[in-house]
Amino acid sequence: MSPTLHYDAVVLGAGVAGLTAAARLAEGGARVCVLAKGVGSTHLAPGTIGVLGYDPERVEKPADALPGFIAAHPDHPYALFGADAVAPALEWFADRVEAGPQPGYRYTGGLERNHFLPTAVGALRPSALVPETMAAGDTNAPVCVVGLPVLRDFYASLCAGNLRRGGIEARAVEIEVEVGRVEANALGLARRFDDPAFRAAFAGRLALLLRPGERVAMPAILGLRDPHGAWSDIQRRLGGPVFEVPTLPPSVPGIRVYNALVAALRAAGGRLIVGAEALGVEREGERVTAVRAHTSGHDTLFSARWVVLATGGFASGAITLGSDWQPHETIVGLALRGMPAPGEPRFAGDYFGPQPMSNVGVAVDSGLLAEGTENVFVAGAALPGAVPWREGSGEGIALASGHCVAQSVREREGAAAAA
Amino acid sequence: MIEDLLHEPLRNSLDHCVKCTICETVCPVSNVTPLFPGPKYAGPQAERYREQGEPVDEWSVDYCSGCGLCTMHCPQGVKIAELNAHARYAVKQRGGVPLRDRLIARPTVLGRLGTPVAPLANAALRARATRVLTERLLGIHRDAPLPAFAGRTFQGWARKHEGPATGTKIVYFHNCGTEYYEPDVGEKVVAVLEHNGYRVEVPKQDCCGLPLQSNGLFEDARKYVLRLARALAPHARDGTLIVGNATSCTVMLKREAREILGLEDDPDLALVSRQTYDVCELLLELHDRGELKTDFQPVEEVVAYHAPCQQQGHWIGKPALDLLALIPGLVVHELDARCCGIAGTYGLKREKYQIAMDVGADLFNQVAASGAGLVACDSETCRWMIEHGTHRRSVHPVELLHQAYRL
């Protein structure tokens with residue numbers, strides 16, 4: 001017999017979608033438990049919130065572009081909950097980060113206009129909501145890209161060269177820092193930049209290399225626990241704008257997002273269990289009554305009135321493609337949508353092209369309730385109809401759908417209470 | 001060779017590694033020392049170059065403390081810590097296991113030797129000269145936290161203890177720490193269980209073999225854990241649950257012995273594995289059913305709570321937090337530092353003590369910053385390390401429940 005624990009809501013997945021849904025449900029007074037097989041995509045993502053970057057041309061103003069995009073893509077997640085649901089989600093997120101464990105660290109922007117921020121290879125990537133520590137990346141002023149030779153995941157000259165090709169005056173400098181091998185990575189260096197003495201010495205040496213009027217681009221290693229302190233301190237010492245450029249994983253700004261959302265969940269009394277892989281569910285008719293999770297020794301049943309599936313898509317193994325060419329949602333066995341019709345192409349030759357298979361996802365209604373269930377909601381990359389890497393929409397979908405799911409559950413709770 | 005067979009499922013998991021580096025961000029050891037190159041590098045990456053039956057010579061895996069956080073955080077299900085445990089076994093097979101490791105991996109032998117002469121043994125363990133000598137002769141670091149022998153055993157108490165005649169039967173797996181060093185913790189566990197309507201049975205039992213396993217002594221570890229399974233299984237066949245307060249030893253019974261030592265097919269161990277509960281896991285489930293007594297009196301105290309790595313390896317979250325929240329007056333600060341550093345016997349070793357202290361530094365600083373006078377923690381070796389690193393008393397969460405029940 002498996003032990004059973006009762007919650008109001010069980011959320012599967014600890015990425016942006018799952019943690020957002022969970023924290024917001026907990027804030028509404030629900031007893032919430034998040035089950036995660038491992039840590040989610042936050043640690044790999046740049047920490048920026050892209051809502052709509054390409055349609056298919058570069059989008060300057062997401063707020064203006066969203067209605068047209070939705071009209072043209074009626075099967076897209078944004079079409080399910082509508083453009084109006086996105087802004088409150090961004091606002092909620094920005095508030096949680098600001099109230100979070102990283103003092104003073106905050107996000108800036110919104111749907112009014114996209115920020116075009118340099119990536120580590122010097123391309124400009126559109127994002128709606130960005131950490132304040134990156135915002136100065138969004139101008140055409142001359143830039144000095146700073147590399148640290150010990151950080152082999154960031155090549156300042158590559159970044160600067162491509163920025164120049166894009167018409168931005170850019171050059172690269174390198175600063176040697178004395179760190180041990182364990183700190184010769186983004187996370188280790190970020191911890192060093194939490195230390196005021198370390199960053200003071202660093203800024204002192206960098207100041208000598210800067211030219212008047214130059215912005216400073218740094219790999220995103222300016223502090224893990226105190227990024228606002230680290231960034232503002234360096235900016236003050238250099239006397240000009242400084243911005244972070246996201247690096248290869250591990251992504252420090254992504255870890256900050258995870259830390260902020262987990263803190264919001266905890267502050268609201270929610271629980272997070274990492275390592276407990278959801279295996280399946282118990283059900284009564286169309287109602288899922290409990291999630292069975294693989295805990296050490298014996299399984300544990302997490303009974304809940306509401307279940308939120310935020311487990312991702314193909315990449316995370318939440319959806320698999322069988323040898324019969326049928327896709328499966330692996331935990332609840334939910335009905336899927338978006339599968340290319342027989343005879344239609346499933347994959348495109350262009351790796352980064354719009355892959356037809358990527359449209360596959362869980363069939364849901366406009367409240368993100370999964371088809372054929374009474375109480376399973378879906379958020380994030382498990383939703384069908386998006387091509388996030390083309391659209392620059394992955395974080396926006398995760399955040400807005402997580403936010404919407406919590407709203408849907410609250411409304412149903414309210415309706416049930418009224419009845 | 002049995003190692004080859006049991007190695008296959010673990011090895012197959014490495015193909016799921018997408019090199020995302022999430023494990024590297026959580027590894028307590030590789031974040032403080034270059035001697036361990038990190039879970040991804042030493043685990044799935046290096047594993048591709050290891051040929052079964054071929055000699056290995058990479059002592060860096062011996063610097064993995066076996067905390068298991070890498071496996072727990074891996075989003076792809078790669079058995080990183082388990083692969084590293086096997087690599088450590090292989091390198092120790094070839095290079096030999098020092099006498100020290102053979103000794104500190106046998107807590108029952110040490111316990112039986114030290115208990116009758118506890119005052120003398122404790123005085124010796126406190127004396128600088130003996131510690132320096134032990135460091136020189138054996139390689140146990142002179143400053144490493146060693147517990148004091150209680151001078152009596154928990155089994156001795158349990159034999160004389162008269163519990164209630166009725167109630168739900170439950171088997172208590174008390175582990176070596178309770179037996180020789182902290183029998184009072186065991187007494188409190190029994191009292192809390194009895195208060196909640198259990199009739200507690202304490203079968204004769206020995207070490208679970210975890211320290212042997214983590215020191216690469218797989219053959220001996222198998223003997224110990226199977227002996228323990230034989231001792232516990234007859235009491236559990238009728239569905240009776242087994243409960244333990246040492247979260248490392250219970251996770252050994254639940255999972256590690258089967259996965260790392262390849263004992264998936266032993267029926268006694270399978271039964272014990274299924275029916276073993278951590279005491280906080282059990283009590284929280286009881287509370288969830290509305291059956292936990294909540295006649296808690298106030299405990300006016302500020303306590304910091306640290307969930308040990310191997311408690312996290314139960315994959316049940318932090319039930320102690322929910323239980324402690326039931327105690328009126330108690331203010332609990334959840335710490336988010338990863339590891340205290342000790343990892344069972346790891347931090348006792350001369351060459352690893354400083355690494356352990358560096359790993360624990362974050363936790364020790366968080367305790368200091370929390371303003372708590374007391375640290376609650378589920379695992380005994382972690383508690384001893386926390387007391388060493390923070391100069392504050394550290395207790396098992398059940399001790400606080402016991403205090404609040406006024407038993």
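A, B, ... follow the sequence lines: proteins, then strands. Residue 1 opens every chain.
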Region of [X] in contact with chain B, defined by heavy-atom distances below 4.5 Å:
{"X": "A:Leu248", "value": "neither"}
{"X": "A:Leu44", "value": "side chain"}
{"X": "A:Ala190", "value": "neither"}

Options [options], ranked by heavy-atom pairs under 4.5 Å with chain A, top entry:
{"options": "B:Gln76, B:Glu334, B:Glu24", "result": "B:Glu334"}
{"options": "B:Arg255, B:His287, B:Glu256", "result": "B:Arg255"}
{"options": "B:His16, B:Lys254, B:His314, B:Arg258", "result": "B:Lys254"}
{"options": "B:Thr276, B:Val251, B:Val32", "result": "B:Val32"}
{"options": "B:Gln312, B:Glu281, B:Lys318", "result": "B:Glu281"}

Please tell me whether B:Tyr305 and B:His333 form a close aromatic pair, meaning their ring centres lie under 6.0 Å apart.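 Aromatic pair excluded; centres sit 6.0 Å or further apart.
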
Are the aromatic ring centres of A:His6 and A:Phe302 under 6.0 angstrom apart? no

Does the side chain of [X] pick up a donor-acceptor pair with the side chain of [Y] at under 3.5 Å?
{"X": "B:Gln275", "Y": "B:Thr240", "answer": "no"}
{"X": "B:Asn245", "Y": "B:Tyr172", "answer": "yes"}
{"X": "B:Ser248", "Y": "B:Gln310", "answer": "yes"}
{"X": "A:Arg191", "Y": "B:Asn31", "answer": "yes"}
{"X": "B:Asp336", "Y": "B:Gln366", "answer": "yes"}

Between A:Leu148 and A:Glu176, is the side-chain contact (heavy atoms from CB on, under 4.5 Å) condition met? List the steps. CA-CA 6 Å; A:Leu148 292 76; A:Glu176 296 273 0; over 6 Å; no

Residue part contacting chain A, namely of [X], when any heavy atom lies under 4.5 Å:
{"X": "B:Thr25", "answer": "both"}
{"X": "B:Cys74", "answer": "backbone"}
{"X": "B:Asp322", "answer": "both"}
{"X": "B:Leu241", "answer": "neither"}

Is it true that A:Arg31 and A:Asp8 make a salt bridge, defined as a side-chain N closer than 4.0 Å to a carboxylate O?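 Not counted as a salt bridge, because no side-chain N and carboxylate O are separated by less than 4.0 Å.
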
Sort out for me which of A:His43, A:Glu277, A:Lys37 touches chain B most, counting heavy-atom pairs under 4.5 Å.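 With the most close heavy-atom pairs to chain B, the winner is A:Lys37.
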
